[in-house]
Structure formats: structure tokens, C-alpha cells
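Bear in mind the structure is a predicted one, so any value in this text is a computation, not a measurement.
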Amino acid sequence: MTETKPWTYDGTELSWLKDRLGRPDPGPGHVVSELVPSGYEAYVRIFHRFEATDGSGRVRTWRAWAEEAAVPFRPELSHHWLRKAADGPERPLWLAEDGALDSGSRRALARLLAQVSGDQPVHFAYDLAALLRGEDQPLVRSASLAELESVREAVADLVGDGGPEFWWPSDRGWVVTTDHDLLSTYVGCSAETARLLLAEPALETLPVTPWTRVDWDTVPPRTP
């Protein structure tokens with residue numbers, strides 16, 4: 001008989017982070033505090049880029065599509081809101097990747113956070129991806145931010161080519177979370193780091209709070 005080991009965070013680098021996740025009150029859907037630890041001054045949403053599937057290399061921002069769909073560009077925006085501007089027969093299909101920040105945004109984020117944290121070690125963690133691939137516990141690798149892409153390549157055979165699901169520096173000055181099921185990445189950080197993120201032209205961002213909904217089932221506000 002095969003023995004099934006319980007999935008645990010005890011004794012792993014992820015234990016502190018998981019202890020600070022959750023929501024204080026019940027409510028509909030899911031919120032930022034279930035993804036990013038509590039206690040940070042500011043929280044930021046980074047939208048995963050839409051890319052055309054016709055091989056043209058074109059990209060589309062959430063803001064532009066929201067304007068076309070006549071819905072507000074706001075923190076709880078869901079891709080379901082954009083259906084009013086659905087692609088017609090002469091328009092390409094646009095897709096954003098779930099569970100992985102697009103490569104351009106990921107590299108821009110790593111460069112910006114390196115300015116904040118310097119060369120201190122950063123922990124890159126794979127949680128659900130490791131569980132689904134049969135690992136006994138979360139997979140965590142430590143390296144510099146400059147080595148992020150090398151880490152992704154090194155663990156791809158073990159956990160796939162998504163993620164990392166969580167990354168944070170040794171001083172825990174910020175946390176980046178990319179949930180496997182979402183089309184956005186969320187960051188908890190200082191107010192100054194949030195200011196830098198929101199001003200970075202290579203990233204499409206909005207400020208959020210720990211109580212901002214993150215699930216797909218949010219409802220756009222009614223238009224008059």
C-alpha cells in the first residue's frame with residue numbers, strides 16, 4: 001500500500017508566508033490577503049499582457065481593452081468584463097497566460113526590485129506546482145534576481161514552465177505572488193516600492209488593498 005505524505009509547510013521557507021495569508025471576514029470570492037501576506041504598507045496588481053495568437057507578436061493592454069469594452073479600469077477588473085469587446089472573425093484571439101507573468105513584465109519587475117533590494121538572496125517558491133508534480137513539499141530555490149530566468153529553466157522539468165508562485169528577498173521587504181489560476185500577479189511591499197511599480201512604464205499596474213477581489217467572478221459596475 002502506498003503511503004501518502006501530508007503536504008506541510010512546517011520547516012520550509014514558505015511557512016512564514018503561509019502563516020500570514022487569509023481573510024479576516026468571510027465574503028464572496030477571493031481577495032488579495034489570501035495571496036499576499038498581511039502587514040505590508042502597499043499592494044499592487046500587475047496585469048499579465050494579452051498577446052495575439054496570430055503570431056504577429058502584438059500585445060494589448062487591459063486598460064485599452066477596458067476602454068473599448070466601456071468598462072472601468074479598476075483594481076477588481078476581470079477579463080470576463082471584456083467580453084463586450086469580443087474578437088470578431090477578422091480580429092485575432094488575444095490571450096493572457098494564467099499562472100505566469102509574461103516574460104517582458106517579469107524581467108521588468110525583476111530589474112525594478114533589484115534596485116530596491118540590491119544583491120541580497122531572493123527565494124523563489126513553487127507550491128501547488130510542486131504538489132501536482134508529486135513532490136513531497138514546496139520547491140524553493142534561492143538566487144539573485146538577476147538569476148530568475150536561470151532558476152525557472154533549472155526547475156522546469158520538476159514543476160513546469162510557470163511561476164515562480166512566490167518570490168521574496170531575505171529581508172522580506174516585498175513578496176510577489178502569481179497564483180496558478182489568475183491572469184495577474186500581486187505584490188506586497190513598501191509605499192515607496194509601490195510608487196516605483198506604479199510608475200514603471202514596462203508594467204501595467206493598479207494599486208489594490210488586502211480586501212480587493214482577485215477572482216474572475218467580480219461584477220462590473222452598472223452604467224447609467
What I'd like to find out is whether the side chain of Arg141 reaches to under 4.5 Å of the side chain of Leu139, using heavy atoms alone.
yes
Pairwise distance OG(Ser142) to NE2(His123) - rounded to 0.5 angstrom
4.5 Å
With side chain to side chain donor-acceptor pair (under 3.5 Å) as the test, would you mind laying out the steps for Glu147 and Ser150 before giving the verdict?
CA-CA 5 Å; Glu147 297 172 300; Ser150 296; over 6 Å; no
Tell me which pairs pass salt bridge (Lys or Arg N to Asp or Glu O under 4.0 Å) where either residue lies in residues 195-216, with sequence neighbours left out.
Glu192-Arg195, Arg213-Asp215
Heavy-atom distance under 4.5 Å between the side chains of Pro121 and Ser170, does that happen here?
yes
Does atom CG of Asp119 have more than 12 heavy-atom neighbours, drawn from other residues, nucleotides or ligands, at distances under 6.0 Å?
no
Does one hydrophobic cluster hold both Trp65 and Leu206, with members joined at side-chain heavy-atom distances below 4.5 Å?
yes
So, using side chain to side chain contact (heavy atoms under 4.5 Å, CB included) as the criterion, who are the partners of Arg172 when residues are at least two apart?
Trp16, Tyr40, Trp168
Is the backbone N or O of Ala64 less than 3.5 Å from a side-chain atom of Glu67, with the two atoms forming a donor-acceptor pair by type?
no
I'd like to check the side chain to side chain contact (heavy atoms under 4.5 Å, CB included) partners of Thr209; sequence neighbours left out, ordered by chain and number.
Trp211, Thr212
Which other residues end up in the same hydrophobic cluster as Leu101, if Ile, Leu, Val, Met, Phe, Trp and Tyr are linked when side-chain heavy atoms come under 4.5 Å apart?
Val44, Ile46, Leu109, Leu112, Leu113, Val116, Val122, Phe124, Leu145, Leu148, Val151, Trp167, Trp174, Val176, Val187, Leu196, Leu197, Leu198, Leu203
Scan for salt bridge (Lys or Arg N to Asp or Glu O under 4.0 Å) pairs involving residues 150-161, sequence neighbours excluded, and state none if there are none.
Glu149-Arg152
Would Glu51 and Arg49 satisfy salt bridge (charged side-chain N to carboxylate O under 4.0 Å, His left out), going step by step from the backbone distance to the final call?
CA-CA 6 Å; Glu51 298 182 357; Arg49 240 174 241 176; 5.8 Å; no
Check for a donor-acceptor pair, side chain of Asp127 on one end and backbone N or O of Pro138 on the other, with a separation under 3.5 Å.
no
Rounding to 0.5 Å, atoms NE2 (His79) and CG (Leu77) come to a distance of 10.0 Å
Under 4.5 Å between any side-chain heavy atoms of Phe166 and Lys18, yes or no?
yes
I would like to know whether Thr185 and His48 meet side chain to side chain donor-acceptor pair (under 3.5 Å); could you show each step before the answer?
CA-CA 7 Å; Thr185 288; His48 297 181; 2.9 Å; yes
State plainly whether one hydrophobic cluster holds both Val214 and Val219, where clusters connect Ile, Leu, Val, Met, Phe, Trp and Tyr through side-chain heavy atoms under 4.5 angstrom apart.
no
Side chain to side chain, Pro164 and Thr178, heavy atoms closer than 4.5 Å
no
Examine distances only and state if a side-chain atom of Glu165 and a backbone atom of Ala129 form a donor-acceptor pair shorter than 3.5 Å.
yes
Is it the case that Thr12 and Ser15 place a side-chain donor and acceptor less than 3.5 Å from each other?
no
Any sub-3.5 Å donor-acceptor pair from Ser78's side-chain atoms to Thr218's backbone N or O?
no
Check the hydrophobic clustering (I, L, V, M, F, W, Y; side-chain heavy atoms under 4.5 Å; chains of links allowed) and say if Leu158 and Val140 are grouped together.
no
Taking only residues two or more places apart in sequence, or in another chain, which ones meet Ser184 in a side chain to side chain contact (heavy atoms under 4.5 Å, CB included)?
Arg45, Phe47, Tyr186
Under the side chain to side chain contact (heavy atoms under 4.5 Å, CB included) criterion, do Asp179 and Leu128 qualify, and how do the steps go?
CA-CA 9 Å; Asp179 185 83; Leu128 182 62; over 6 Å; no
With a 4.5 Å cut-off on side-chain heavy atoms, are Tyr126 and Leu14 touching?
no
Measure centre to centre between the rings of Trp62 and Phe73, then say whether the value is under 6.0 Å.
no
